[in-house]
Undergrad: 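Sending over a structure as C-alpha cells; questions will come in a sec.
Both ligands and their constituent atoms are indexed starting at 1 by order of listing.
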Amino acid sequence: MQTQGHPYDILRWYLDAGVDETIGEAPVDRYAALQRAQQVRAAAAQTQSPAPQQRPGAPGPAPVAAPVAGAAVPGTAAHIAAGCATLAELRIALEGFEGLSLKHAAASTVFADGNPEAAVMCIGEAPGQEEDRQGLPFVGPSGKLLDRMLKSIGLDRSTAYITNVVPWRPPANRKPTPDEVAVCMPFVSRHIELVDPQVLILFGGAAASALLAKAEGINRLRGRWFEFNSPGLPRPVPVLATFHPAYLLRTPEAKRDAWRDLLMVHKRLTAGRH
Ligand code: URA
C-alpha cells in the first residue's frame, strides 16, 4: 500500500478507497444517529399517501405521492426541510444537517447549479469526485454529456436548474443506498416545492424510483409522463425519467432512447407556443 505524499492526497486516497468514518476525540452516539434516520423514514412513511395506480394503456400521468411536511417530527429532515422558506435557507439547512454520515466523508455539500427560475429542473443521483471537489452538480464527465443532452433540446444552465437526490458524494462513487436516499427525500421534495418547475427530468434509477415512489427499474420508468405532487406545490409537476448520463457513457446504444425522452420534454415545453 503506497500512501506517501501530501496529507491531503493520503486523505483523498482513503476516501476514494471507501473509508467514510474516522475516529475522533469526541464520542459519537451511533445509536442516536440510527434512531434519527429511523425517525426520518417513519415520518416520511407516515405522511406518504399511496399513489393511485395507472391503468395499463390509460392516457395521462400517474400521480405520485410526496411527503406531507406538516406532520414531521421536530429535528428530523422532514421537519427541518419544511421550515425552509427559500432556497438559500434550504442550502444552509442541508449544510448544517447531521443526519447522514455520507456528509462526513465528502468535501462539499453539492446543492445545485443553473437557474432556479427555469422551467426545467433536472435531478440526478449524487455527486461524483469532480462535483465534490467543485461543490457543483454534474461538472465531471457525465456532466459534460448532460450539458450536451440539454443543448440538444435548446437548454443550458441558464435555462435549466440541476440538483441531485443526495447532496454528498458516496465514497468511491458507489450508488447511494435506498436508506441514504430516503433520509434526503424531505430536502429533495422541499427543493422541488421551492423551485416549482414546469417540468422535472429525473436522470437514472436512483432519482426515478425515489421521486416516482415506484419499485420498477429505469428501463420501465423512462419515457413515460408521471406527476410529482407535494402539498407545497400549487399544482402537480409533470415528471419524465430517462437514463443517467454516466450510464449513457458506458452504453452509447441507449442514447437513442434518451434522445426520444428528451424530445418528449421538448414537445411538452413548446406545446402551445406555435
Ligand atoms: N452523477 C450524478 O448523478 N450527479 C452528479 O452531480 C454527478 C454525477
Side-chain angles (χ1 to χ4, degrees), residues 12 15-16 18 20 87 90-91 94-95 97 100 102-103 105-116 118 120-152 155-185 187-189 191-192 195 197 199-212 214 217-219 221-222 228 239-252 254-255 257-258 261-262 265:
R12 198 73 259 167
L15 290 175
D16 289 343
D20 60 356
L87 289 172
L90 188 69
R91 180 195 282 263
L94 265 173
E95 285 168 353
F97 183 63
L100 194 55
L102 276 185
K103 181 183 183 179
S108 324
T109 298
V110 176
F111 186 68
D113 195 18
N115 181 356
V120 177
M121 180 169 182
C122 302
I123 306 187
E125 183 176 296
Q129 188 169 23
E130 193 52 29
E131 288 77 17
D132 187 44
R133 206 179 63 77
Q134 292 192 35
L136 289 169
F138 282 105
V139 288
S142 58
K144 303 275 175 287
L145 179 56
L146 176 69
D147 285 341
R148 293 210 300 277
M149 291 166 78
L150 292 176
K151 195 168 173 202
S152 75
L155 298 174
D156 59 24
R157 291 182 191 231
S158 69
T159 48
Y161 184 74
I162 302 170
T163 187
N164 286 303
V165 279
V166 173
W168 299 289
R169 180 195 180 208
N173 288 349
R174 67 163 168 77
K175 256 182 123 53
T177 65
D179 277 3
E180 287 164 347
V181 173
V183 170
C184 298
M185 275 311 291
F187 292 109
V188 183
S189 296
H191 208 153
I192 298 169
V195 174
V199 169
L200 263 176
I201 313 178
L202 309 178
F203 289 92
S209 35
L211 281 149
L212 302 178
K214 302 260 177 209
I218 186 66
N219 277 296
L221 294 175
R222 60 150 284 273
F228 177 82
V239 196
L240 191 114
T242 191
F243 291 125
H244 193 286
Y247 172 76
L248 295 176
L249 287 173
R250 298 191 301 273
T251 324
K255 283 184 182 171
D257 286 333
D261 301 341
L262 291 174
V265 173

Undergrad: Keeping the roles fixed (side chain from T242, backbone from D261), state whether a donor-acceptor pair exists under 3.5 Å.
TA: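 Absent.
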Undergrad: I want to know if ligand 1 touches E131 in the polar sense, i.e. an N/O pair below 3.5 angstrom.
TA: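 In fact, backbone or side chain, E131 has no N or O that close.
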Undergrad: With a 4.5 Å cut-off on side-chain heavy atoms, are I201 and I123 touching?
TA: no
Undergrad: How does A126 reach ligand 1, by side chain, by backbone, by both or by neither, if only non-hydrogen atoms under 4.0 Å count?
TA: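 For A126, the contact with ligand 1 is made by the backbone alone.
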Undergrad: Any idea which atoms of ligand 1 are less than 4.0 Å away from a heavy-atom of P137?
TA: 6 (O)
Undergrad: Do ligand 1 and G124 have nitrogen or oxygen atoms that lie under 3.5 Å from each other?
TA: no
Undergrad: In plain terms, say whether E125 and R169 are close enough for a salt bridge, that is, a side-chain N and a carboxylate O under 4.0 Å apart.
TA: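 A salt bridge is absent here (no side-chain N lies under 4.0 Å from a carboxylate O).
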Undergrad: Is any side-chain heavy atom of F243 less than 4.5 Å from a side-chain heavy atom of D257?
TA: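 Yes. Closest side-chain heavy atoms under 4.5 Å.
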Undergrad: If you count the atoms of ligand 1 from 1 in the order shown, which ones are under 4.0 Å from a heavy atom of H244?
TA: 1 (N), 2 (C), 3 (O)
Undergrad: Taking a cutoff of less than 4.0 Å between a non-hydrogen atom of the residue and any ligand atom, is A246 in contact with ligand 1?
TA: no
Undergrad: Could you identify the single nearest non-hydrogen protein atom to atom 8 (C) of ligand 1 and state the distance to 0.1 Å?
TA: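 Protein heavy atom at minimum distance: S142 OG, 3.4 Å.
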Undergrad: Would you please indicate yes or no on a ring centroid separation below 6.0 angstrom for F97 and F187?
TA: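 Yes, ring centres under 6.0 Å apart.
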Undergrad: Can you tell me if D156 and S158 form a side-chain donor-acceptor pair at under 3.5 Å?
TA: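 On atom types as modelled, these side chains qualify, holding a pair under 3.5 Å.
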Undergrad: Output the list of atoms in ligand 1 that are nearer than 4.0 Å to some heavy atom of E125, sorted by atom number.
TA: 2 (C), 3 (O)
Undergrad: Would you indicate whether the side-chain heavy atoms of T163 and F138 approach each other to under 4.5 Å?
TA: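 No, their side chains stay 4.5 Å or more apart.
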Undergrad: Please list the nearest protein heavy atom to atom 4 (N) of ligand 1 with its residue and the distance rounded to 0.1 Å.
TA: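 Of every protein heavy atom, N164 OD1, 2.8 Å lies nearest to atom 4 (N) of ligand 1.
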